[in-house]
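Note sheet for the following structure.
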Amino acid sequence: MTILSNSIKRIFRKRTNILFMLVIPILMNLFLISAATKDVKYNLGILDQDSTPFTKELVSKMQEKYNVTLLTPSDDVKGLIVNKKLDIAFTFQSGFTADMLEGKDVAAISYALEASNVARPVQVYVSSYISSAKQIATSAKGNEDVFYKGLEAYNKNAFAVEYKSFSTGVSEKDVNNAVTSLGYIAFGMLFLISFSTSLILEDKLTGVYDRITATPLTRSSYFSQHMLASFLVAAIQVLLLISSLPKLVDISYGSTSNQQLEVIAVCLALALACVAIGVAISRFSKSALMASSLTALINIPMLMLGGCFWPREIMPDFMQRISDFMPTTWFLQAGETVLYGKGLNAAIPELSYLIGFAALLLIVTFAFKSEKVR
């Protein structure tokens, strides 16, 4: 097993391999999760000319969620918006609540840059709250006491929607974050294994492979040990990332140890496909430049189309159909399946595609003799 141990040493000797193995996937996941969980604080301006318990309650709720500046009639609202001191401003005119109680179609006057939709979530929040209040006012039939009692009950029982699996209670947001994280892990695996399997090409370029073929070591043993070394390195990478990332960022690869093992198994299935791709590139490349070019040409589109950098749903339909044939797509679909608690059995089709793809690519790779490199 001399080739195996020597290959592993050569892989870890290169600093770039460590970079793609751990540093880049961890940094990308740190950025991803921090950006996904960070609450956006909008800068709001509010001019409350009505000053009723209803408008005061609404202003109080917005102060809890956003950075609110209370304006006066003398403030240059448009100037504050144009100079980006405020993202959006609202005015509640005098008589706003009284008109609403009378059944009139009222709305807060808003000011925002026409070409920008940065504060659109705030507009949706305010219009939704006012719309609910108008329904309560209609039910109250102009009775102010009944209206405020209904509004109080609404505020107490308002709820946030969270999608969960009925079978496991898993949050959809948590699963989406974990699947996106797996996409960045796939990025690290593809490039690391492409670099590690390039040792085969390096041996050919330096004449080491020719000297090895003159020894009792068989050709099949040489290649199998190289592939095993790459697979073991990928396994180390997966274990380190799956165990360390939940400690660094707010992410989970399963609520149980069994579920985490299933995620690791899915990653190892992708590792097999990555090894096959790397070996194929090394076998058919005539130079290091050609190998690096093919690596970028194959890996980057595969990552993009497979949904590793963004959801597949945002792509045009014809691109989604192409991505159906990408190993990265099968990997993320299998990962999503096990993260929802459905088990490895439910992911057998995707895992079979990955293993079959690796086997077929290796058969094609070794069915043809590669030209001698120099």
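Both backbone and side-chain heavy atoms feed into the values below; hydrogens, waters and symmetry mates do not.
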Subject >> Partner residues of F96 under the ring pair (Phe, Tyr, Trp, His ring centres under 6.0 Å) criterion, sequence neighbours left out >> reply: F92
**OP:** Please name all residues satisfying ring pair (Phe, Tyr, Trp, His ring centres under 6.0 Å) with F231, sequence neighbours left out, ordered by chain then number.
**Re:** none
What are the two closest non-hydrogen atoms of [X] and [Y], and how far apart are they?
X    : Y    : answer
A346 : T337 : CB-CG2, 3.5 Å
G343 : V338 : O-CG1, 3.9 Å
Y253 : V263 : O-CG2, 3.5 Å
M189 : C267 : CE-O, 3.2 Å
S110 : I88  : CB-CD1, 4.5 Å
M315 : L305 : CE-O, 3.4 Å

Less than 4.5 Å apart, any side-chain heavy atom of [X] and any of [Y]?
X    : Y    : result
T295 : I300 : no
M304 : W310 : yes
L272 : L354 : no
I136 : Y154 : yes

Report the distance from atom [atom1] of [X] to atom [atom2] of [Y], rounding to the nearest 0.5 Å.
X    : Y    : atom1 : atom2 : answer
S224 : L362 : OG    : CG    : 11.0 Å
L294 : I281 : CG    : CD1   : 6.0 Å
Q259 : E262 : CD    : CD    : 6.5 Å
S293 : L297 : OG    : CG    : 8.0 Å
L44  : L86  : CG    : CG    : 8.0 Å
I264 : L239 : CD1   : CG    : 5.0 Å

Original post:
Tell me, which pairs form a salt bridge (charged side-chain N to carboxylate O under 4.0 Å, His left out) where one or both residues lie in residues 222-243, sequence neighbours left out?
Top reply: none
Subject >> Pairs flagged by salt bridge (charged side-chain N to carboxylate O under 4.0 Å, His left out) wherever residues 127-140 is involved - sequence neighbours left out >> reply: D105-K134
Original post:
Do T97 and D50 have a side chain donor and acceptor closer than 3.5 Å?
Top reply: yes
Original post:
Does a donor on one side chain and an acceptor on the other come within less than 3.5 Å for T72 and D75?
Top reply: yes
Keeping [X] on the side-chain end and [Y] on the backbone end, is there a donor-acceptor pair under 3.5 Å?
X    : Y    : value
T329 : F325 : no
Q49  : T91  : no
R312 : Q320 : yes
T55  : T52  : yes
S282 : V279 : no
S352 : I348 : yes
N83  : G79  : yes
S51  : D48  : no
N43  : D87  : no
W330 : G306 : no

Original post:
Going through the checks in order, is the salt bridge (Lys or Arg N to Asp or Glu O under 4.0 Å) test met by D145 and K149?
Top reply: CA-CA 6 Å; D145 291 335; K149 286 181 181 179; over 6 Å; no
**OP:** Identify, with sequence neighbours excluded, every residue that meets side chain to side chain contact (heavy atoms under 4.5 Å, CB included) alongside E144.
**Re:** L101, Y148
**OP:** Just jot down the side chain to side chain contact (heavy atoms under 4.5 Å, CB included) partners of L332, sequence neighbours excluded, or say none.
**Re:** V179, L182, C308
Subject >> Worked verdict on I185 versus I242 for side-chain contact (heavy atoms from CB on, under 4.5 Å) >> reply: CA-CA 9 Å; I185 290 177; I242 297 298; 4.0 Å; yes
Subject >> Verdict with reasoning, L241 to Q237, per side-chain contact (heavy atoms from CB on, under 4.5 Å) >> reply: CA-CA 6 Å; L241 288 174; Q237 178 191 24; 3.9 Å; yes
Original post:
Does atom CZ of F357 have more than 12 heavy-atom neighbours, drawn from other residues, nucleotides or ligands, at distances under 6.0 Å?
Top reply: yes
Original post:
Is the number of heavy atoms from other residues, nucleotides or ligands within 6.0 Å of CD (Q93) greater than 12?
Top reply: no
**OP:** Mind telling me whether Y129 and F54 have parallel, tilted or perpendicular rings, with 30° and 60° as the class edges?
**Re:** parallel
